[in-house]
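The block underneath contains the structure these notes are about, expressed in structure tokens.
A quick note: this is a predicted structure, and the numbers were derived from the prediction, not measured.
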Amino acid sequence: MATRHEHHMVPLSVLLKREVSTERTIEKPDLLHGQASQSKKGEDFTLFKTECQRIPGDGNSTFSVFGLFDGHNGSTAAIYTKENLLNNIVGAIPADLSRDEWLAALPRALVAGFVKTDKDLQDKARTSGTTVTFVIIDGYVVTVASVGDSRCILESSEGTIYSLSADHRLECNEEERDRITASGGEVGRLNIVGGAQIGPLRCWPGGLCLSRSIGDMDVGEFIVPVPYVKQVKLSSAGGRLIISSDGVWDALSSETVLNCCRGMPADAAAEQIVKEALHSKGLRDDTTCIVVDILPIEKLTPSLPPPRKHGKGVFKAMFKKKSSSSSSHPEYTPPDLVEEMFEEGSAMLAERLDTEYPLCNMFKLFVCAVCQVDMKPKEGTSVHSGSSNLRKLHSWDGPFLCSSCQAKKEAMEGKNQSRDDRSNSRGSD
């Protein structure tokens with residue numbers, strides 16, 4: 001029998017859970033959101049979840065999710081992604097993490113979740129695809145993952161505008177055009193009788209205007225589901241997020257969008273933005289807008305930001321980078337500062353799934369980094385296999401992929417054309 005002086009070993013998992021349960025309470029802003037939509041094809045879908053929990057049963061670990069899925073060539077991909085993406089993302093995050101560790105693991109989990117969703121969709125839809133703008137808000141930390149041409153912008157309480165997503169239209173993204181041609185695809189405009197070329201740049205075969213999406217299985221694996229991810233931390237003054245499909249952005253600039261709904265509550269703001277877009281160009285496409293106000297607890301209505309000085313730039317080109325010494329040497333920070341915590345847009349899984357110490361030791365070694373299936377030692381393939389990254393010198397360097405996810409990775413890099421090239425004439429919005 002143990003005596004009162006004996007010490008018992010406590011499992012590490014129990015210690016981690018104790019640490020999580022005793023985390024200091026994080027200040028949570030109020031989130032007020034609204035949505036408006038006008039349908040032409042019925043292919044836009046939205047997702048709102050405001051009471052998700054990092055730790056089941058712990059009300060202090062809540063986070064919120066807002067998603068916009070703009071489908072094309074049918075609604076199958078948009079509906080499937082809406083129903084499965086969040087679970088795939090959360091399933092890629094290790095259990096028993098503190099809040100800071102969870103936020104640090106989130107960008108990699110978003111990549112894994114997007115790719116898994118696309119991979120699982122392969123057997124369910126051939127020609128349907130969807131853009132995705134997926135927003136996760138935990139306290140004042142906003143993480144956005146996007147593929148396609150829907151966009152998310154942030155206006156700080158001061159009135160400065162920040163872009164939190166990337167536009168993956170081939171017309172305006174030279175880097176993506178180069179990636180597709182290097183992977184075996186072709187980029188060009190639609191040819192008509194007489195050899196004339198019309199319309200926006202498209203990827204052939206298939207005729208898709210986008211370089212990234214979920215679905216579109218009949219186009220080519222070089223249309224990848226790997227998202228651009230940006231993570232920022234707002235000041236306690238909060239701000240306003242606008243998440244809209246291309247039906248809005250084709251008609252209105254970011255500044256026009258924000259000015260037309262200035263001072264309105266979120267639901268009225270969303271309605272006004274859609275109204276302005278339709279007034280500008282008519283209902284040419286599904287037009288959807290989500291407005292999310294991130295407000296200090298005591299402030300339940302958005303206020304008018306101070307007037308912008310004449311000639312001041314609309315977009316803030318530089319965020320304040322997170323400093324490793326900021327905790328030991330605190331400095332005065334302006335009340336409206338937006339801090340960039342993470343940004344990455346590479347389409348290469350070897351770059352997106354790689355992690356540096358100490359984050360890397362959160363992820364299980366013999367679990368597929370994408371689909372999370374358990375693997376036996378030596379069964380998986382390093383995500384760095386075939387990479388020119390000289391820093392990875394050993395075949396046992398993780399993370400690892402199962403055989404089907406490795407085949408998916410090779411196909412996305414143009415090494416294994418796994419999608420058939422059937423539809424040379426298919427177009428996209």
Between side-chain atoms of residues 274-282 and protein atoms elsewhere (two or more places apart, or another chain), which donor-acceptor pairs fall under 3.5 Å?
from, atom 1, to, atom 2, distance (Å)
E276, OE2, Q272, NE2, 2.9
S280, OG, A251, O, 3.4
K281, NZ, D250, O, 3.1

Do [X] and [Y] have side-chain atoms, one donor and one acceptor, less than 3.5 Å apart?
| X | Y | value |
| --- | --- | --- |
| D70 | S245 | no |
| T381 | Q406 | no |
| E158 | T160 | yes |
| Q53 | T62 | no |
| N88 | T117 | yes |
| T76 | K124 | no |

Within the 4.5 Å heavy-atom criterion, are [X] and [Y] side-chain neighbours or not?
| X | Y | result |
| --- | --- | --- |
| P399 | H384 | yes |
| T131 | S213 | no |
| I273 | C260 | yes |
| L85 | F114 | yes |
| R212 | I223 | no |
| E339 | L234 | no |
| M412 | L349 | yes |
| P227 | V111 | yes |

Does this structure show an ion pair linking [X] with [Y], if we count only N-O contacts that are shorter than 4.0 Å?
| X | Y | result |
| --- | --- | --- |
| R169 | D246 | yes |
| R189 | E171 | yes |
| K230 | E343 | yes |
| R240 | D293 | yes |

Using modelled atom types and a 3.5 Å cut-off, is there a donor and acceptor pairing between side-chain atoms of [X] and backbone atoms of [Y]?
| X | Y | result |
| --- | --- | --- |
| W204 | G188 | yes |
| S37 | T288 | no |
| D149 | D167 | no |
| E271 | A36 | no |
| T81 | A78 | no |
| T256 | L252 | no |
| D286 | G42 | yes |
| E155 | S157 | no |
| S75 | G71 | no |
| S165 | C152 | yes |

Hey, what do you get for [atom1] ([X]) to [atom2] ([Y]), rounding to the nearest 0.5 Å?
| X | Y | atom1 | atom2 | value |
| --- | --- | --- | --- | --- |
| D44 | T287 | CG | OG1 | 7.5 Å |
| M341 | L103 | CE | CG | 5.5 Å |
| C368 | E379 | SG | CD | 10.5 Å |
| R179 | E174 | CZ | CD | 14.0 Å |

Inset, instruction - Mind telling me whether F366 and F400 have parallel, tilted or perpendicular rings, with 30° and 60° as the class edges? - result: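 Taking F366 first and then F400, their aromatic rings lie parallel (interplane angle under 30°).
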Inset, instruction - Identify, with sequence neighbours excluded, every residue that meets side-chain contact (heavy atoms from CB on, under 4.5 Å) alongside L47. - result: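 By the side-chain contact (heavy atoms from CB on, under 4.5 Å) rule, L47 matches K49, V65, F69, K82, F134.
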Inset, instruction - Using the test side chain to side chain donor-acceptor pair (under 3.5 Å), find all partners of S403 that sit at least two apart in sequence or belong to another chain. - result: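 Result, side chain to side chain donor-acceptor pair (under 3.5 Å) vs S403: none returned.
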Inset, instruction - With sequence neighbours excluded, tell me which residues meet side chain to side chain donor-acceptor pair (under 3.5 Å) with R352. - result: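 In terms of side chain to side chain donor-acceptor pair (under 3.5 Å), with neighbours along the sequence ignored, R352 is linked to no residue.
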Inset, instruction - For F63, enumerate each residue passing the ring-ring contact (aromatic ring centres under 6.0 Å, His included) test, keeping only those at least two apart in sequence or located in another chain. - result: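 Per chain and number, F63 pairs via ring-ring contact (aromatic ring centres under 6.0 Å, His included) with W102.
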Heavy-atom pair of closest approach, residues [X] and [Y]:
| X | Y | value |
| --- | --- | --- |
| W249 | S244 | NE1-O, 2.9 Å |
| P94 | A92 | CD-O, 3.8 Å |
| D216 | T130 | OD2-N, 4.4 Å |
| V226 | A347 | CG2-O, 3.7 Å |
| A77 | I214 | CB-O, 4.0 Å |
| R202 | L170 | C-CD1, 3.6 Å |

Legend entry - V248 vs I242, side-chain contact (heavy atoms from CB on, under 4.5 Å): CA-CA, chis, key distance, verdict: CA-CA 10 Å; V248 168; I242 308 289; 6.0 Å; no
Legend entry - More than 12 heavy atoms from other groups under 6.0 Å of CD on E186: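 Not buried by this count: 12 neighbours or fewer within 6.0 Å.
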Inset, instruction - Assess whether atom CD of E175 is packed by more than 12 heavy atoms of other residues, nucleotides or ligands within 6.0 Å. - result: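 Not more than 12 within 6.0 Å, no.
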Legend entry - Audit row: I153, L164, side-chain contact (heavy atoms from CB on, under 4.5 Å) steps and yes/no: CA-CA 5 Å; I153 61 172; L164 301 185; over 6 Å; no
Show which side-chain atoms of residues 136-148 pair as donor or acceptor with protein atoms under 3.5 Å away, not counting sequence neighbours.
from, atom 1, to, atom 2, distance (Å)
D138, OD1, K28, NZ, 2.8
D138, OD1, R99, NE, 2.9
D138, OD1, R99, NH2, 3.3
D138, OD2, R54, NE, 3.3
Y140, OH, S236, O, 3.4
T143, OG1, Q231, NE2, 2.9
S146, OG, A166, N, 3.4

Inset, instruction - Applying side-chain contact (heavy atoms from CB on, under 4.5 Å), run through L337 and S235 and close with a yes or a no. - result: CA-CA 6 Å; L337 197 63; S235 74; 5.6 Å; no
Inset, instruction - Starting from the C-alpha separation in whole Å, work towards a yes-or-no answer on side-chain contact (heavy atoms from CB on, under 4.5 Å) for H33 and V291. - result: CA-CA 5 Å; H33 67 274; V291 176; over 6 Å; no
